[in-house]
Amino acid sequence: MSASRQGTDSTRPPLRIFHEEAIRQAVDDVTALLSAENAFEALARGRALVPPPLGVDLPGVQGEVHVKGAWIHDAPIFAFKAATGFYANASRGLPSGSGLVLVFDSSTGFPLAVLADNGYLTDLRTAAAGALAVRLLAPDASLRVAVLGTGVQGRMQIRLTGRVREVREVHAWSPSSESRDRYAEEMGQILGVPVTPESSPESAVSGADLVITATPARKPLLELGMLSPGVTVVALGSDGPEKTELAPDLLSHADKVVTDLTDQCLRIGELHHAVDAGVMVSTDVHAELGQILVGARPGREGSEDIVCDLTGVGAQDAAIAAVAYSALAGAS
């Protein structure tokens with residue numbers, strides 16, 4: 001037996017399994033927002049080792065799988081997650097998203113835990129990144145918000161947005177009238193503000209200060225000319241090379257385009273489509289979100305049209321997995 005395989009199970013840490021209910025109790029909105037700050041600060045300061053994401057589409061079943069992860073320098077763990085989206089599940093009465101996170105000891109490489117979260121940590125870290133973008137880029141005012149996509153992410157996004165800005169009203173669109181009506185009723189009660197279902201993306205975004213897009217669209221939902229001056233668009237859905245929610249010229253005409261990770265957005269984000277269309281080049285990007293967070297680049301400067309392209313970065317998964325594992329392991 002080689003030296004790398006020597007040893008017995010008794011010398012290795014036990015592999016622990018934590019389930020969704022315990023994970024939800026251990027990681028709340030405030031914790032998620034702090035983890036997002038940690039992730040984007042690490043990215044901005046060059047303290048995150050982030051491999052390219054792996055994405056696989058499963059033809060014929062409207063399914064996709066994303067594998068992302070990272071190590072943040074000096075962290076005691078590194079983590080990788082597999083998150084799935086199977087969009088025909090709704091017709092079966094099942095959630096569209098699921099997944100799990102694997103946590104490893106960064107000094108030995110031994111697996112420490114399986115976070116069987118059914119996609120909760122992915123959903124929460126995505127919403128936290130969107131809220132961070134709102135905090136850094138949206139007008140510092142009571143906001144009229146448009147939400148395109150009324151699934152889990154559309155709900156989490158507006159909930160966490162309410163933690164960083166005052167929301168005065170919400171206008172929501174989904175391809176399903178039943179889904180958008182249910183969203184309006186339920187989120188209106190949760191938020192305590194008017195939530196109006198809209199029959200089209202254009203009517204939803206009319207007059208909006210902040211637009212959040214959280215759909216699996218593969219054709220643009222928003223075109224140039226639909227949005228009001230001074231708007232902030234936080235686009236979350238384009239996490240694969242075929243996905244897109246924004247017309248390329250909407251990005252090219254923005255005063256500022258901000259990314260979560262420019263190199264990644266050039267491969268799978270809204271930026272990817274704008275560059276492919278020949279209306280932008282990579283140097284047109286104003287900043288990465290982490291650069292604005294640490295003060296290396298300015299955020300909003302007056303009445304500007306700003307688009308933030310969020311594709312989901314492995315550093316976010318590592319950061320939220322670290323706080324989840326720490327809380328769970330310490331409590332058990």
Measuring from S199:OG to R180:CZ, what's the distance to the nearest 0.5 Å? 6.0 Å
Do L261 and L137 sit in the same hydrophobic cluster, where Ile, Leu, Val, Met, Phe, Trp and Tyr count as joined when their side-chain heavy atoms come under 4.5 Å apart? yes
Please examine the side chains of L210 and I212, heavy atoms only from C-beta on, and report whether any two atoms are closer than 4.5 Å. yes
For H19 and R24: C-alpha separation, side-chain torsions, deciding distance, then whether side-chain contact (heavy atoms from CB on, under 4.5 Å) applies. CA-CA 9 Å; H19 295 283; R24 285 179 177 271; over 6 Å; no
Linking I/L/V/M/F/W/Y whenever any side-chain heavy atoms sit under 4.5 Å apart, do L33 and I158 land together? no
Is the CD atom of E21 crowded by more than 12 outside heavy atoms at less than 6.0 Å? no
Looking at E185, I want to see if its CD is surrounded by more than 12 non-hydrogen atoms of other residues, nucleotides or ligands under 6.0 Å. no
For the hydrophobic clusters of this structure (ILVMFWY residues joined by side-chain heavy atoms under 4.5 Å, transitively), does one cluster hold both V134 and L191? yes
When R300, R168, R144 are each screened for salt bridge (Lys or Arg N to Asp or Glu O under 4.0 Å) with D209, the one that passes is R168
Can a donor-acceptor pair be found between the side chains of T311 and D260 at a distance below 3.5 Å? yes
Once the angle between the rings of F78 and F104 is folded into 0 to 90°, is it parallel (under 30°), tilted (30 to 60°) or perpendicular (over 60°)? parallel
Flag side-chain contact, heavy atom, 4.5 Å: D181 against E178: no
Would you say S98 and T84 are linked by a side-chain donor-acceptor pair, where the criterion is simply a distance under 3.5 Å? no
Hydrogens and angles aside, do D28 and T31 bring a side-chain donor and acceptor to less than 3.5 Å of each other? yes
Output the rest of the hydrophobic cluster of L221: all Ile, Leu, Val, Met, Phe, Trp and Tyr residues reachable through side-chain heavy-atom contacts under 4.5 Å, sorted by chain and number. L148, W173, V205, V211, L222, M226, L227, V231, V233, L246, L250, L251, V257, L266, L271, V275, V279, M280, V285, V307
How would you list, by chain and number, every residue that makes a side chain to side chain contact (heavy atoms under 4.5 Å, CB included) with A39, sequence neighbours excluded? A315, Q316, A319
Can you check whether L115 reaches L100 side chain to side chain, under 4.5 Å on heavy atoms? no
One should read off an interatomic distance between E304 CD and D255 CG, to the nearest 0.5 angstrom, of 5.5 Å
Is there a continuous path of hydrophobic side-chain contacts, each under 4.5 Å between heavy atoms, that joins V67 to V101? no
